[in-house]
Amino acid sequence: MRPLTEEETSTLFQKLSKYIGENIQLLVDRPDGTYCFRLHKDRVYYVSEKILKLAVNISRENLVSLGTCFGKFTKTQKFRLHITALDYLAPYAKHKVWVKPGAEQSFLYGNHVLKSGLGRITENTNQYQGLVVYSMADVPLGFGVAAKSTQDCRKVDPMAIVVFHQGDIGEYVRHEDTLI
């Protein structure tokens, strides 16, 4: 387990800024302590410094996981956000979309959100902007990318895709063996 390099940190923060904007600072400097990002086996973990100091005593071979996995770096050094980061990113999300109850199940199975399943969308959302997808009961369901801007969503036909699927809480069941 090691700290992220400048390039890795830049890649991670660019991906996080798509979803939470400048609120990245709120993730690191929290009222309950200081948190940091660490890399272990191509996965980025979000961990408090208290736990980090305790984990120094464990060898790398014996360490399976530490803190919360935010995502992983691919072989081409792109960062892929995991669904395990949803609980930490949802409160700070700049752009949100709410899906109707009928479209929730479809989204949780890994499908894109159609205009017919769109309940609400945050104003001034640009095309290809990172979104947090919520149910109408304000339960975070996953991540997505806006396929259309807010203005375009109003005049598009009901079967058009408005949110591209990136990750959802259904992944806990579908990919439980690879989430660690």
Side-chain angles (χ1 to χ4, degrees), residues 1-58 60 63-99 107 113 120-135 137-150 162-169 171-172 179-180:
M1 182 176 53
R2 64 170 174 81
L4 277 71
T5 64
E6 288 293 323
E7 183 180 319
E8 291 167 342
T9 304
S10 158
T11 305
L12 171 67
F13 284 175
Q14 283 175 357
K15 180 64 101 170
L16 291 179
S17 69
K18 286 183 179 181
Y19 295 95
I20 62 174
E22 64 275 354
N23 290 337
I24 295 172
Q25 189 64 33
L26 297 174
L27 280 177
V28 178
D29 297 326
R30 290 177 32 176
D32 59 338
T34 305
Y35 284 70
C36 58
F37 293 100
R38 290 291 185 256
L39 187 76
H40 182 64
K41 298 181 181 175
D42 288 331
R43 298 193 188 283
V44 176
Y45 292 94
Y46 178 66
V47 62
S48 74
E49 288 191 350
K50 292 178 190 175
I51 295 174
L52 186 64
K53 289 177 184 174
L54 296 172
V56 173
N57 299 327
I58 302 170
R60 285 186 183 192
L63 187 65
V64 175
S65 172
L66 179 69
T68 303
C69 182
F70 257 46
K72 72 176 203 171
F73 282 100
T74 62
K75 294 192 187 316
T76 58
Q77 292 305 306
K78 292 183 178 148
F79 186 72
R80 173 115 166 89
L81 199 60
H82 279 189
I83 193 61
T84 51
L86 180 65
D87 292 334
Y88 294 95
L89 300 183
Y92 304 118
K94 291 287 186 188
H95 301 283
K96 303 173 184 177
V97 65
W98 289 265
V99 294
F107 180 75
V113 177
R120 293 185 289 172
I121 188 168
T122 309
E123 286 297 319
N124 302 324
T125 301
N126 297 324
Q127 188 175 19
Y128 306 122
Q129 176 70 48
L131 301 166
V132 174
V133 179
Y134 285 87
S135 68
D138 280 336
V139 176
L141 299 176
F143 303 114
V145 174
K148 310 267 186 225
S149 65
T150 304
V162 293
V163 177
F164 294 125
H165 179 273
Q166 293 288 307
D168 63 82
I169 55 176
E171 287 180 21
Y172 284 119
L179 274 180
I180 294 179

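Side chains included, hydrogens not; waters and symmetry mates left out as well; all remaining heavy atoms used.
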Could you tell me which non-hydrogen atom of L81 sits nearest to which non-hydrogen atom of F70, and how far apart they are? CD1-O, 3.3 Å

Looking at Q129, is its backbone amide N or carbonyl O close enough to the side chain of H95 to form a donor-acceptor pair, meaning the two atoms are under 3.5 Å apart? no

Gap separating the CZ atom of F13 from the CG atom of L4, nearest 0.5 angstrom: 8.0 Å

When every non-hydrogen atom of S65 is compared with those of Y45, the smallest separation belongs to OG-CE2, 3.4 Å

Mind listing the closest non-hydrogen atom pair of A93 and K96 along with its distance? O-CE, 3.6 Å

With a 4.5 Å limit on heavy-atom distance, are the side chains of L141 and D168 in contact? no

Would you indicate whether the side-chain heavy atoms of V44 and L12 approach each other to under 4.5 Å? yes

How are the rings of Y46 and F37 set relative to one another: parallel (under 30°), tilted (30 to 60°) or perpendicular (over 60°)? tilted

Give the intermediate values and the outcome of side chain to side chain contact (heavy atoms under 4.5 Å, CB included) for residues I20 and L27. CA-CA 10 Å; I20 62 174; L27 280 177; 3.7 Å; yes

Flag if over 12 foreign heavy atoms under 6.0 Å of OH, Y128: no

Taking side chain as C-beta onward, heavy atoms only, is C36 less than 4.5 Å from V47? yes

Considering residues at least two apart in sequence or located in another chain, which fulfil the salt bridge (Lys or Arg N to Asp or Glu O under 4.0 Å) criterion with D29? none

Any donor-acceptor pair under 3.5 Å linking the side chain of T34 with the backbone of E49? no

Answer yes or no: are there more than 12 heavy-atom neighbours, outside E7 itself, under 6.0 Å from its atom CD? no

Output the distance between atom NZ (K75) and atom CG (D42), rounded to the nearest 0.5 Å. 7.0 Å

Interatomic spacing from NE2 in H40 to CZ in R60 - rounded to 0.5 Å: 8.0 Å

What closest approach, in Å, do V97 and R120 show between heavy atoms, and which atom pair accounts for it? CG2-O, 3.3 Å

T122 side chain vs T125 backbone, donor-acceptor pair below 3.5 Å: no

Nearest 0.5 Å, please: how far is CG in L89 from OG1 in T84? 9.5 Å

Evaluate the side chain to side chain contact (heavy atoms under 4.5 Å, CB included) criterion for residues L66 and R38: first the C-alpha distance (whole Å), next the side-chain angles of each, then the deciding distance (0.1 Å), finally the verdict. CA-CA 9 Å; L66 179 69; R38 290 291 185 256; 5.6 Å; no

Of all heavy-atom pairs linking V132 and A90, the shortest is CG1-CB, 4.2 Å

Verify the neighbour count for atom CZ of R80: are there more than 12 heavy atoms of other residues, nucleotides or ligands below 6.0 Å? no

Strictly by side-chain hydrogen bond (donor to acceptor under 3.5 Å, both in side chains), give each pair with a member in residues 15-24 just once, sequence neighbours left out. E22-K94

Looking at every non-hydrogen atom in both residues, tell me the closest pair between G144 and V133 and how far apart they are. N-CG2, 4.2 Å

Walk me through whether Q77 and T11 qualify under side chain to side chain contact (heavy atoms under 4.5 Å, CB included). CA-CA 8 Å; Q77 292 305 306; T11 305; over 6 Å; no

Step by step, would you call I83 with I169 a side chain to side chain contact (heavy atoms under 4.5 Å, CB included)? CA-CA 6 Å; I83 193 61; I169 55 176; 4.2 Å; yes

